[in-house]
Protein chains: 2
Amino acid sequence: MIVADGRQAMYRKVAAELRQGISDGAYGSGGRLPAESALAQTYGVSRGTIRQALALLRADGLVTSRRGTRRVVLGTARVQTFSETVSFTRWARSLGEEPGGRVVDVVRRAAEPVEREKLRLAEGDEVCLVLRVRTLSAVPVMVERSVYPRHIGEIVAGLDPAAVSHTVPLEEHGVRFTDVHHTIDLTYADADDAALLDCRVGDALLRERRRSTDPTGTPVEWSEDRYLPGTVAFTVHNSSAAAALSRRTAS
Amino acid sequence: MIVADGRQAMYRKVAAELRQGISDGAYGSGGRLPAESALAQTYGVSRGTIRQALALLRADGLVTSRRGTRRVVLGTARVQTFSETVSFTRWARSLGEEPGGRVVDVVRRAAEPVEREKLRLAEGDEVCLVLRVRTLSAVPVMVERSVYPRHIGEIVAGLDPAAVSHTVPLEEHGVRFTDVHHTIDLTYADADDAALLDCRVGDALLRERRRSTDPTGTPVEWSEDRYLPGTVAFTVHNSSAAAALSRRTAS
DNA sequence: GCGGCCAGGTTGGCTGTACAACTTGACGCG
DNA sequence: CGCGTCAAGTTGTACAGCCAACCTGGCCGC
């Protein structure tokens, strides 16, 4: 039985308990979960709440679900929280690595047409460009080029250039990232990349372009990250219930 | 008002209508959706059903949602169906490209330990390896190396080597893909890749590794696809409501 | 003009109910 | 032994209602 504390929804707590049970192997790999009605009884909540919890596990690819039979445990794959996928710093820490970084360059200028479109700005609005190299255990692994609208750029520009995380201070200023759209492909190192990542110009890099919006739907960041090969891989789970991945022809 | 035809759930039809409305610009970009209760009235269903429909749009990143205020339209980003993300053929056709391909090699042999683990097979079980090159408008863009458990391999091996799609015939044999886990990173062309993709050994390629399971949770395919740079990009949407993307240190 | 307060509107969370669609295993028949 | 039938169990879909948390805009007082 779980007690409501008001800070977190019941169904999220149930989901967390079920996650724990799955990774503890309480149901076995390839095993079956108890029926929704049984779970409802053991946790002392209604079936609807259980279904909300299970929808979370379903989206993470931890369990299947199919009409007519009990849910099957798919795997104990480590699942990151949203905040870990958004923040390089939190991601690294959750893996036991020591994240670091250094701001190489900050530029403020009028937004160019592409930037205006991506950040939904008006003509003449200013943007703030931040170029940063990021490290894991002191080894450079990624170059980050971010574009912020002016009011957010002000905050970023005011931070310590050696600050490990930008996301955390931004959140403290009330900037919340809730939706992120990623595009992943391959590109080649330019002179800046080569110098910062200690590789050669023209070497292939894994590229992640990212557009983040806040709860109101206003774009707050447009960023391009370039990773040294062999340092990271992106994983996506995708089910017929809720498809998130798509594949595009390169633009 | 939408009429139930029994073949598709009401909430899916409502979701489809809302999608259409969004891409038609009926609500404007950055505009607001009508309230759930209003939608419930216009579609003649209960609020719960509307919420199920909106959850689909939310997962696709088409709308935000926030307590206290109406939903905001995020974008009209083209969203693929699950079947389009799983099948190269259907994906290509939906983009107006002409997909093609050729089976280069088929091997049957006892499963190696890695394969046994990925496909959850017992010692001594056989697997079927298929090497295939795939084209868009006759241009080679991807090399696919798939591993199937024996009973599925039989079906694949029996297909015409020039067959454009393997997914479609497999589905006709009752093989259903419902969950897919993707890992995306970068690798370098080996001799086979170079010959098939018309590039040089050592050239960088975008790699997608994929493990698919059927509704019972049984693995049905383990595949590694290697794309020529500049031909595809992977896109992922990720919201604090339902996070699907994760980033891993390379294994 | 400006700021705080408040009422109304809206989504989030939870419960309960009912039935449909589907799977599985057991049973009985040929 | 093989096969179909059937019943029980389970998830999917839909409905109705209730309250809490939260946002927005307008009003009022200063």
Side-chain angles (χ1 to χ4, degrees), chain A residues 1-16 18 27 31-59 63-73 174 176 178 214-218 239-242, chain B residues 1-16 18 27 31-59 63-73 174 176 178 214-218 239-242:
Chain A
M1 178 72 148
I2 302 186
V3 181
D5 67 354
R7 289 179 315 180
Q8 198 184 14
M10 280 299 302
Y11 76 92
R12 288 185 184 276
K13 280 186 284 193
V14 171
L18 289 170
Y27 312 108
R32 291 247 165 94
L33 240 49
E36 293 173 358
S37 52
L39 290 171
Q41 270 209 314
T42 56
Y43 288 113
V45 298
S46 76
R47 193 183 149 214
T49 302
I50 293 292
R51 284 182 66 78
Q52 280 188 283
L54 289 171
L56 292 183
L57 303 195
R58 180 101 182 79
V63 298
T64 59
S65 70
R66 194 164 58 119
R67 179 179 287 180
T69 188
R70 297 228 289 268
R71 285 180 164 80
V72 173
V73 177
R176 282 185 296 167
T178 54
D214 72 8
T216 69
T218 310
S239 78
S240 55
Chain B
M1 178 69 149
I2 302 185
V3 181
D5 66 355
R7 289 179 317 177
Q8 197 182 16
M10 281 298 303
Y11 76 93
R12 289 185 184 276
K13 279 185 285 194
V14 172
L18 288 171
Y27 311 107
R32 291 247 164 95
L33 239 49
E36 292 173 359
S37 52
L39 290 171
Q41 270 210 312
T42 56
Y43 288 113
V45 298
S46 75
R47 193 185 148 211
T49 301
I50 292 292
R51 285 180 66 78
Q52 280 188 281
L54 290 170
L56 291 183
L57 304 194
R58 180 97 181 83
V63 298
T64 59
S65 70
R66 197 163 53 120
R67 181 181 292 188
T69 187
R70 297 227 289 268
R71 285 181 163 79
V72 173
V73 177
R176 282 186 295 168
T178 54
D214 73 6
T216 70
T218 308
S239 79
S240 55

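Per chain, numbering begins at 1; letters A, B, ... match sequence-line order. In what follows, every heavy atom counts, from backbone to side chain, and hydrogens, waters and symmetry copies are set aside.
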**Study point:** Of B/Gln52 and A/Thr216, the one whose closest DNA chain D nucleotide lies more 5'
**Key:** B/Gln52
Exercise for review: Kindly write out the residues that satisfy side chain to side chain donor-acceptor pair (under 3.5 Å) with A/Gln52, not counting sequence neighbours, or none if the list is empty.
Suggested key: none
Exercise for review: Could you state the atom-to-atom distance from CG of B/Asp214 to C1' of C/dT23 in whole Å?
Suggested key: 14 Å
Check your understanding: Is the side chain of B/Arg70 donor-acceptor paired with the backbone N or O of B/Leu33 at a distance under 3.5 Å, no angle test?
Key -> yes
Check your understanding: Whole Å only: how far is the CG atom of A/Leu56 from the P atom of C/dC14?
Key -> 11 Å
Point to revise | A/Val45/A/Tyr11 under side-chain contact (heavy atoms from CB on, under 4.5 Å): CA gap, chis, key distance, verdict | key: CA-CA 9 Å; A/Val45 298; A/Tyr11 76 92; over 6 Å; no
Set out, line by line, the N/O atom pairs under 3.5 Å between protein and nucleotides 10-12 of chain D.
| residue | atom | partner | partner atom | Å |
| --- | --- | --- | --- | --- |
| D/dT10 | OP1 | A/Arg70 | NH1 | 2.8 |
| D/dT11 | OP2 | A/Glu36 | N | 2.9 |
| D/dG12 | OP1 | A/Ser65 | OG | 2.9 |
| D/dG12 | OP2 | A/Arg51 | NH1 | 2.8 |
| D/dG12 | OP2 | A/Arg51 | NH2 | 3.2 |
| D/dG12 | OP2 | A/Arg71 | NH2 | 3.1 |
| D/dG12 | O4' | A/Arg67 | NE | 3.0 |
| D/dG12 | O4' | A/Arg67 | NH2 | 3.3 |
| D/dG12 | O3' | A/Arg67 | NH2 | 3.4 |
| D/dG12 | N7 | A/Arg47 | NH2 | 2.9 |
| D/dG12 | O6 | A/Arg47 | NH1 | 3.4 |

Practice item. Begin with the C-alpha distance, continue with both residues' side-chain angles, and end with the deciding distance and a verdict on side-chain contact (heavy atoms from CB on, under 4.5 Å) for A/Val72 and A/Arg32. Key: CA-CA 5 Å; A/Val72 173; A/Arg32 291 247 165 94; 3.7 Å; yes
Practice item. Provide, to the nearest angstrom, the distance between the CE atom belonging to A/Met10 and the P atom belonging to C/dT15. Key: 7 Å
Practice item. Any chance you could lay out the side-chain contact (heavy atoms from CB on, under 4.5 Å) test for B/Thr64 and A/Thr216, step after step, and finish with the verdict? Key: CA-CA 7 Å; B/Thr64 59; A/Thr216 69; over 6 Å; no
Exercise for review: Report yes if at least one side-chain N or O of A/Thr49 is closer than 4.0 Å to OP1 or OP2 of C/dG13; otherwise report no.
Suggested key: no
Exercise for review: Begin from the C-alpha positions of A/Leu18 and A/Leu39 and carry the test side-chain contact (heavy atoms from CB on, under 4.5 Å) through to its verdict.
Suggested key: CA-CA 10 Å; A/Leu18 289 170; A/Leu39 290 171; 4.0 Å; yes
